[in-house]
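Encoded as structure tokens, the structure appears first; notes follow it.
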Amino acid sequence: MNLRDRFAAHVAVALARTFGVEADPSEVSAQMSRPPKPELGDVAYPCFAWAKALRQSPAAIASRLASALVTDMASDDAFAQVEAAGPYVNVRFARAWYVRRVLEAASAPGYGGSMEGSGRVIGIDSSAPNIAKPFGIGHLRSTVIGHSLRRIHEALGYRVVSVNHLGDWGTQFGKLMHAFELWGDEAEMEAAPIRHLYDLYVRFHAAAKEDPSMDEAGRAWFRRLEQGDPHAQAYWERFRTLSLREFQRMYDRLGVSFDHDWGEAFYNDKLDAVIGDLRSAGLLQESEGAQVVPLEDLQLPPCLILKQDGASLYATRDLAAARWRREALGAERFLYVVGAAQAVHFQQVFAVLERMGYPWAKELVHVPFGMILGISTRKGTLVFLEDVLDRGKALALEVLETREGLSAEERDTIAEQVAVGAIVFYDLMRDRLRDYEFNWELMLDWHGRTGPYLQYTHVRLASVERTFEGRFGALPTQESVDPALLQEDAVYALVGTLARFPEVVAEAARQLQPVEIARYLLDLAEAFNTLYSSGVRLVGEDEAMSRARIYVVGCVRQVLARGLTLLGVPLPERM
Ligand code: ARG
């Protein structure tokens with residue numbers, strides 16, 4: 001089906017026969033480009049690279065190569081024409097042949113996916129909010145990118161195991177306990193635990209500024225927790241359970257789930273073993289009373305393992321986590337979807353694991369991302385993701401107010417899907433390393449390059465299909481479609497865009513960049529909308545023609561739906 005590769009194979013043979021040079025077909029394929037104008041052909045092979053070795057001009061090489069290819073490719077049905085154009089050899093696909101193959105592939109379930117990862121396991125560490133602090137906008141990116149990477153890898157046949165490395169341990173819990181003893185409110189705690197805990201957290205810090213004994217009391221509570229005091233443990237349990245329940249509400253709204261909620265506390269009983277192994281491997285050194293692994297030779301700051309008071313650190317837990325996951329999950333690769341600010345932390349952790357002699361440490365990958373800007377950062381004010389989603393939903397509802405024939409309930413469902421789709425797509429539509437400005441107006445613009453635009457295009461495709469059904473009955477099967485009717489430029493271009501989907505998904509996985517898919521979907525929607533507004537009647541008088549065109553429409557709708565699902569953008573049925 002990939003005609004570029006097929007053409008490349010012909011080129012490699014012809015190069016060998018004509019010039020006696022050896023070329024790797026996959027390299028040849030990678031060098032191919034698209035002719036500047038579609039009427040010149042579908043793919044172009046540039047001959048510049050050979051000029052030096054063959055002591056001929058690129059145009060002379062192209063011309064000889066093209067005549068050889070004309071003979072070689074005469075019996076290959078997939079191609080209609082091959083010719084030299086200056087330094088290029090351009091090839092034109094046999095349109096009907098090509099259209100038939102693409103539609104066949106595109107309408108198969110699982111189109112875009114592959115078996116590349118079958119039998120292989122990949123782990124993803126994402127989201128990882130800190131308990132007893134609200135699910136802020138900062139953890140949105142990790143959640144959304146991690147989820148999309150999961151879907152993408154699953155489409156490629158990998159088994160994906162996702163882990164939510166919750167921040168559920170540390171001295172802040174002692175502080176919260178003390179604050180709760182002083183000011184806790186059971187009713188508020190039940191109603192909105194994260195907000196209540198956050199208020200306590202802010203109140204504690206304000207009070208601790210005036211009164212240093214507050215910190216001491218917080219530390220005392222944390223010590224009780226560490227020593228297994230039942231009262232402290234009950235608090236911890238409760239803070240954790242209630243916070244998780246609230247996070248779950250966000251995850252449900254985003255359609256995200258995790259295989260394991262192994263947070264930092266999960267590794268409490270696994271830290272001694274790590275520290276012991278570090279010590280016996282001679283990797284630990286004392287530095288100002290603390291235990292560290294020096295990493296000067298890598299130009300990294302030392303990795304802190306134990307504080308002066310013997311307390312473990314973030315890195316200590318990550319070391320234990322990596323080891324545990326490796327044993328429990330057997331993932332060959334582990335992706336850590338965490339903000340770029342933690343790059344040094346992961347370099348340190350991975351380097352220490354490598355020094356401990358774990359060959360799999362090379363397969364641990366930090367997948368960093370930039371920040372969301374322009375959303376309130378007033379001191380002591382965290383932005384609650386829930387409020388953000390609610391605001392988006394309210395804005396979407398305003399637009400839907402004007403739509404007729406929707407019940408209040410439908411409106412509510414759609415508004416939620418639009419808000420989620422808008423946020424998710426806006427996040428994934430750029431290189432993940434770029435920071436971006438949070439802006440509801442841009443995110444929700446139904447005519448811009450946005451999630452709602454793609455959702456709306458999807459709804460529109462379905463409605464064109466319904467128009468067909470109204471006129472001609474059931475939607476066509478592939479056998480009843482004549483691909484020869486699908487050769488005009490705008491339709492053919494759309495089919496060509498459909499054909500790219502599998503490469504795009506594979507590339508998104510290779511680069512760990514969902515943006516590849518986001519951009520592709522915008523191209524696909526654009527190609528469809530161009531056709532839609534070009535005056536070509538998709539459903540007209542001619543039944544055979546309408547059948548053929550509606551078949552393409554169906555394929556576009558499926559690919560759009562599949563691509564949006566890979567990103568985690570929900571699909572409203574109406575809009
Ligand atoms: N809870 C951490 C934070 O909010 C992120 C944890 C990321 N995962 C990890 N294995 N360190 O910064």
Side-chain angles (χ1 to χ4, degrees), residues 1-19 21-36 38 40-50 58 61-62 64-85 87-108 110-118 152 155-157 483 486 492-511 516-517 519-520 523-524 527 555 559 562-563:
M1 214 275 293
N2 186 334
L3 292 190
R4 189 162 34 115
D5 289 349
R6 186 152 158 170
F7 177 49
H10 286 298
V11 169
V13 171
L15 280 168
R17 192 160 50 77
T18 318
F19 301 104
V21 292
E22 218 168 298
D24 174 5
S26 63
E27 257 166 54
V28 170
S29 176
Q31 288 162 356
M32 305 262 182
S33 59
R34 230 170 230 280
L40 294 173
D42 293 283
V43 174
Y45 177 64
C47 299
F48 307 102
W50 296 110
I61 298 170
R64 281 185 65 193
L65 186 59
S67 3
L69 285 167
V70 167
T71 326
D72 288 3
M73 291 167 64
S75 58
D76 190 335
D77 299 343
F79 302 99
Q81 193 184 44
V82 53
E83 64 187 2
Y88 293 91
V89 178
N90 291 340
V91 71
R92 193 190 303 274
F93 302 162
R95 287 194 174 188
W97 187 98
Y98 179 67
V99 166
R100 182 199 313 267
R101 291 301 184 291
V102 174
L103 296 183
E104 230 164 60
S107 52
Y111 179 61
S114 73
M115 304 287 280
E116 161 189 324
S118 74
I152 291 168
L156 297 175
L486 295 169
Y492 182 68
L494 189 55
V495 172
T497 308
L498 279 177
R500 275 171 48 210
F501 187 48
E503 287 165 39
V504 168
V505 178
E507 192 58 23
R510 232 184 333 269
Q511 296 183 25
E516 293 289 325
I517 294 174
R519 283 198 194 118
Y520 167 79
D523 284 354
L524 182 66
C555 289
V559 169
R562 212 169 144 73

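Keep in mind it's a predicted model, so treat the numbers as computed, not measured.
Panel note: side chain Asp42, backbone Phe93; a donor-acceptor pair is recorded below 3.5 Å. Under the 3.5 Å distance criterion, the side-chain polar atoms of Ser29 are left unmatched by any main-chain donor or acceptor of Pro25. A side-chain donor-acceptor contact under 3.5 Å links Tyr111 to the backbone of Leu498.
Listed by chain and residue number, Phe501 satisfy the ring-ring contact (aromatic ring centres under 6.0 Å, His included) test with Tyr520 (two or more places apart in sequence, or in another chain). Qualifying side chain to side chain donor-acceptor pair (under 3.5 Å) partners for Asp72, counting only residues two or more places apart in sequence or in other chains: Arg17.
Aromatic pair Tyr98/Phe79: ring centres not closer than 6.0 Å.
In this structure, Ile517 CD1 and Arg562 CZ are separated by 10.0 Å, a value rounded to the nearest 0.5 Å. The distance from atom CE of Met73 to atom CZ of Phe7, rounded to the nearest 0.5 Å, is 5.5 Å. Expressed to the nearest 0.5 Å, how far CD of Glu503 lies from CG of Asn2 amounts to 5.5 Å. Note: Arg101 CZ to Asp77 CG = 8.0 Å, rounded to the nearest 0.5 Å. Atom-to-atom distance recorded for Leu15:CG and Arg64:CZ is 11.0 Å, nearest 0.5 angstrom. Between the CG atom in Leu486 and the OH atom in Tyr492 there is a gap of 11.5 Å [rounded to 0.5 Å].
Across Pro35 and Ala44, no two heavy atoms sit closer than the pair CD-N, 3.9 Å. Across all non-hydrogen atoms, the minimal contact from Cys47 to Ile61 is CB-CG2, 4.0 Å. Residue Leu103 comes nearest to Cys555 through the heavy atom pair CD2-SG, 4.0 Å, listed as atom of the first residue, atom of the second, then distance. Of all non-hydrogen atoms in Val505 and Gly112, the two that sit nearest each other are CB-O, 3.5 Å. Of all heavy-atom pairs between Ala8 and Met32, the closest is CA-CE, 3.6 Å.
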I'd like to know whether Asp5 forms a side chain to side chain contact (heavy atoms under 4.5 Å, CB included) with Val28, so could you lay out the CA-CA distance, the side-chain angles of the two residues, the decisive distance to 0.1 Å, and finally the verdict. CA-CA 8 Å; Asp5 289 349; Val28 170; over 6 Å; no
Could you check Trp97 against Leu3 for side chain to side chain contact (heavy atoms under 4.5 Å, CB included), going step by step and ending with a plain yes or no? CA-CA 11 Å; Trp97 187 98; Leu3 292 190; 3.5 Å; yes
Working for side chain to side chain contact (heavy atoms under 4.5 Å, CB included), residues Asp76 and His10: CA-CA 10 Å; Asp76 190 335; His10 286 298; 2.8 Å; yes
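The only member of Arg4, Arg92, Arg34 that meets side-chain contact (heavy atoms from CB on, under 4.5 Å) when paired with Val43 is Arg4. Partner Val82 forms a side-chain contact (heavy atoms from CB on, under 4.5 Å) with one of Leu69, Asn90, Val11 and no other, that one being Leu69.
Remark: Arg500 CZ is packed, more than 12 non-hydrogen atoms of other residues, nucleotides or ligands lying under 6.0 Å away.
The closest side-chain donor-acceptor pair between Glu27 and Gln31, if any, does not fall under 3.5 angstrom.
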